Amino acid sequence: MNPKFAEVVVDVHARDVDRPFDYRIPPELAARVGVGTRLIVPFGNRRVEGYVVGLSDEADVEAEKLKEILDVLDEQPPLTEELVQLSEWMSHQYLSGKAAAVQALLPAGMRAKTAVRLRLADKRGPEAAQSGGNEKSRFFEKKQELLRLLSGNSPVYKEQLLKERPDLKTVVQRLIQDGRVIESHEITQAVQTRYVTVADCPLSENDFVQAIEQIPARAFKQKEVLQWIRQNGPTAVRDVLRATQTTYAVIRALSNKGWIRLEQVEERRDPYADRFSSELEKPLVLTEEQTNAFDSIVESMRSGKACQILLQGVTGSGKTEIYLQSIAACTKQGKQAIVLVPEIALTPQMVERFKLRFGDAVAVLHSGLSQGERYDEWKRIRRGEVSIAVGARSAVFAPFEQIGLIVIDEEHELSYKQEDQPKYHAREVAWQRALHHSATLLLGSATPSLESRYAADRGEARHIVLASRFNKNALPQVQIIDMREELKAANRSMFSRELQRLIYDRLQKKEQTILFLNRRGHSTFILCRSCGYVARCPNCDISLTYHESGQFEMLRCHYCGHSESSVTLCPSCSSPHIRNFGTGTQRVEQELNKLFPNARVIRMDVDTTGKKGSHEQLLQKFREGQADILLGTQMIAKGLDFPRVSLVGAVSADTSLHLPDFRSAERTFQLLTQVAGRAGRHDTEGRVLIQTYQPEHYAIQSAAKQDYEDFYRQEIKIRQMLGNPPLCKQIVFTAQHEKKETAERWIRNLEKELCGSLRSPHADVLPACPAPLSKLQGKYRYHLTLKCSDYSKVQPVLSAIYPVYAKRMKEEAGLLTVDVNAQIIL
DNA sequence: TATGAAAGGCAG
DNA sequence: TGCCTTTCATAT
């Protein structure tokens, strides 16, 4: 017997309805309804999309409340049972809504909307003025207008119409009542399956020969086309036309005679069609070190247990080749593999490596694709047409059914954390999936996150280290420059004497230089030296950054986009001694132009890479040697390979060290190590200079030595001392409100409540305080941080308390959010 | 979140 | 009274 009821999570984002609802399954849909089915259900007085999360034979509501499923949306349920469970785990883990958790797993653009379409009951259209025409002339006119609108060819939707013409509301209602206008519900979805017309010749050999003979001599095109189709088999009509240089008329004629059959066939939008040769590349020969790593991975995949492996190897140690061969081993076992790559690294070159090795067995998912392409790639995964999915964060949800391996490359990258609800971390989700599939989770990085490295320490992950560089090049020579000494030596430039000398030297030798500075704009702030005034953003609690764009001198806020023109007199005391301080990329560029007028400089930051694809373009330009110096923010740290670079300079290594975030040392170390890795990747000997005012800091010292272990030992000690992650889980609540007092009041209320309910030794509620960014876009922000060693004990309390407070705060036009395992604390 | 019904406000 | 806006409850 089929189950009678479906438990459905509806696409309505409100706390009150964030639970499954029971619906009757009509017999004619029974075959298509299962866990994971996406459907349309009546909800209140509208129709909404819903997701089946369970089936049952009993409904726990009164019979008169029960309603019936209206329609099933997809041929194949978009979610597997595992993914439905995963969405439940996510909404639980990250305290997000159930509907939001389900939607995070589905490709963007799949979400259906229902709209009410208005139609005329008959084709009469507007009427001539009636004899008793002065009944209510305004009403009559509106009625005529509506009828005219509806008798046109373009569809009219109720919601849209009433938004544009609220005055027609009464008339619409009246005509619906009278039965002259009918409402019909339509389902629309951003992505649609695309179809093409395919022509095929269904004739038997005999009939075909006869047909050819029958064709009169002047219909030579028909003959040609028919023969072509016969020879080439079923082909899209558009391709037939192109190949035979004809028009649709010929196809129609052949079709009318019944000699060819036309059929609508689903078409795949292939983002990489014809981009790569069909010839697959052979695996490379592994070094001994790589072979050992590979063997361990294969062994763990064979073990039939979920395993976590941390593969630590410097840039150029050949991690990617290990991934590729492990994936091959995985698919050979009949299982599927997911590869996650940071969004910014998902370049055509990266995709190419996978496509060259595995061809059409790879589906690629990333934000550069159109929604349609993404949807089609996703469908290939869901249908089991591919066995490998490569993509950014959200590819972790690839709907495979037998996963053997999940690879997360550059696992320490921040982009694996989703910043809006549900605020999941791909690494955590991946592990959850690995547990379900008894799969291997392979984390790769040159500078692992403290979380992953610590997991290895505790024996939760196997730790494999690749010590040598694949191409046997020595690591670049790194030198720390103490900028305090420069100042003492009366060098007030942002470039140390050594850096200037080396840049000059590289220019002479026609070698390339990369300069890294983690701050865009021209200067970081402007300050009046008479009264101490600093220009601040009116919406955010942050100083404004000075930018020069053309002739305009602007002050900009990097958080909300506010901009105003700069000043020459202090607005506070009218003193002329107001000027800019601090260094941004723009200023470095100017200084470079002054010091090295002949050097060609490319600047890369948010301001110069605004347009889509310009990022890739600038890197390409540099790679091709069209510039001598590449200057940029952290986005240049991840460019792939620059053979001609022999000098890398971190202009101001301290900038990221002073952020009010316990991970700032980790970030700084990772960045500097990564940047240093850009130098001397080939035969040129690389030099790296790190300029700093804090040369003794362990993050800088370890980065200079390129010694991860050294950094890890010191950092983990500090984390242990302060009880910070990875030794605990950190949960950050943020209250935001236009009024400072309201935000503060709510965070205090929450603090009191949590302190009262969480007395256990598992949790530690830190005092509520203003967020480091205490005002953002006009909203005051307060933080409440919770540290706990055992989240499972804390979670039930939070899921009971948090929604209540979030709702109350919303009622006061505020916002209360929660971030479990927050990665950036600002 | 989105809806309709109820309640309240105001012009005529 | 009719027509508008605001408020409120509610969803299987």
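Keep in mind it's a predicted model, so treat the numbers as computed, not measured. Chain identifiers are assigned alphabetically (A, B, ...) following the order of the sequence lines, protein sequences preceding nucleic acid strands; residue numbering begins at 1 within each chain.
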Problem set entry | Separation of C/dA11 P from A/Leu66 CG (nearest whole Å) | 13 Å
For this session: May I ask you to check whether A/Tyr94 and A/Glu428 show a side-chain donor-acceptor distance below 3.5 Å?
Result: yes
Exercise. A/Leu70 CG to C/dT12 C1': how many Å, rounded?
Worked result: 12 Å
Exercise. Whole Å only: how far is the NZ atom of A/Lys65 from the P atom of C/dT10?
Worked result: 9 Å
Problem set entry | Euclidean distance, atom CD of residue A/Glu64 to atom P of C/dT12 [Å, nearest integer] | 12 Å
Exercise. Do A/Arg24 and C/dT12 share a donor-acceptor pair, side chain to base, under 3.5 Å?
Worked result: no
Problem set entry | A/Tyr424/A/Tyr416 aromatic ring centres below 6.0 Å | no
Exercise. Given side chains that start at C-beta, do those of A/Glu419 and A/Asp819 come closer than 4.5 Å, heavy atoms only?
Worked result: yes
Exercise. Taking the side chain as C-beta and beyond, is there a heavy-atom pair between A/Thr734 and A/Tyr782 under 4.5 Å?
Worked result: no
Problem set entry | Nearest-neighbour nucleotide for the A/Asp16 side chain, C/dT10, B/dT3, C/dT12 considered | C/dT10
Problem set entry | Atom-to-atom span, CZ of A/Arg47 to P of B/dA2 - whole angstrom | 17 Å
For this session: Would you kindly give the CG-to-C1' distance between A/Asp11 and B/dT1, to the nearest whole Å?
Result: 9 Å
Exercise. Counting any heavy atom closer than 4.0 Å, what does A/Arg15 reach on the DNA or RNA strands: base, sugar-phosphate only, or nothing?
Worked result: nothing
Problem set entry | Pair A/Phe43 and A/Phe21, ring centroids less than 6.0 Å apart | yes
For this session: Would you tell me whether A/Glu186 and A/Tyr157 have side-chain atoms, one donor and one acceptor, within less than 3.5 Å of each other?
Result: yes
Exercise. Within this structure, what is the NZ-to-P distance between A/Lys98 and C/dA11, rounded to whole angstrom?
Worked result: 18 Å
Exercise. B/dT1, C/dA11, B/dG4: which one has an atom nearest the side-chain heavy atoms of A/Val17?
Worked result: C/dA11
For this session: Using heavy atoms to find the nearest nucleotide of DNA chain B for A/Asn45 and A/Lys810 separately, return the residue whose nucleotide is more 5′.
Result: A/Lys810
Seminar exercise, completed: note: A/Phe43, atom CZ; B/dA2, atom C1'; distance rounded to Å ~ 10 Å
Exercise. Is the closest side-chain heavy-atom distance between A/Val53 and A/Glu88 below 4.5 Å?
Worked result: yes
For this session: Output the residues of residues 103-117 of chain A in contact with DNA chain B, where contact means a heavy atom of the residue under 4.0 Å from an atom of the strand; sort by number or write none.
Result: none
